[in-house]
Amino acid sequence: MTSETLDGYEEGTWTPAVHFGGSNTGVTYGSNNGGSYTKIGRFVHVHGRVELTSKGSQTGSATIRGLPFTCSGVQSGASSIEG
């Protein structure tokens, strides 16, 4: 191991948000929302929890917003969560 091994290490918190069909109009949250992350180099492990009390009248796919870092756009499979 070298002294640079953990140079890119960071821990923090983030606030997840949910959009439906690209919009968050009418979305309201309960009290169990929050998240944390650990970054080591270019790898970020994200944990989040969301409690919705209303999703509003929006339709469409649900997406998670507010991630602490921008995804690189690199995918190792069919998962859209990777980037």
Side-chain angles (χ1 to χ4, degrees):
M1 285 181 52
T2 67
S3 62
E4 297 87 28
T5 301
L6 295 178
D7 279 352
Y9 184 85
E10 180 181 333
E11 293 180 349
T13 60
W14 67 291
T15 303
V18 178
H19 287 211
F20 294 92
S23 176
N24 65 346
T25 303
V27 173
T28 57
Y29 299 92
S31 60
N32 293 314
N33 299 301
S36 62
Y37 69 87
T38 303
K39 176 184 173 290
I40 303 173
R42 292 185 54 182
F43 180 81
V44 181
H45 176 85
V46 178
H47 170 266
R49 62 193 171 282
V50 177
E51 177 188 359
L52 295 179
T53 56
S54 174
K55 74 163 206 64
S57 60
Q58 300 303 313
T59 60
S61 299
T63 56
I64 303 295
R65 305 283 180 104
L67 291 167
F69 296 93
T70 302
C71 295
S72 68
V74 176
Q75 295 181 336
S76 62
S79 172
S80 60
I81 291 177
E82 295 180 44

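Using a 4.5 Å heavy-atom threshold, the side chains of Val27 and His19 count as separate. Side-chain atoms of Leu52 and Phe20, non-hydrogen and from C-beta on, do get closer than 4.5 Å to each other. A heavy-atom distance below 4.5 Å is found between the side chains of Ser31 and Glu51. Inter-residue side-chain proximity for Thr38 and Phe43 is flagged as unmet; no heavy-atom pair is nearer than 4.5 Å.
Checked by atom type and distance alone, the side chain of Lys39 pairs as donor or acceptor with a backbone atom of Gly41 at under 3.5 Å. Formation of a donor-acceptor pair under 3.5 Å by the Thr28 side chain with backbone atoms of Ser54 is found in this model.
Residues Ala17 and Tyr29 approach most closely at CA-OH, 3.4 Å, considering heavy atoms. The minimum heavy-atom distance linking Arg65 with Gly22 is given by the pair NH2-CA, 4.0 Å. Nearest heavy atom pair, residue Ala62 against residue Val18, reads CB-CG1, 4.4 Å. For the pair Gly35 and Pro16, the tightest heavy-atom approach, listed with the atom from each and the gap, is N-CD, 4.1 Å.
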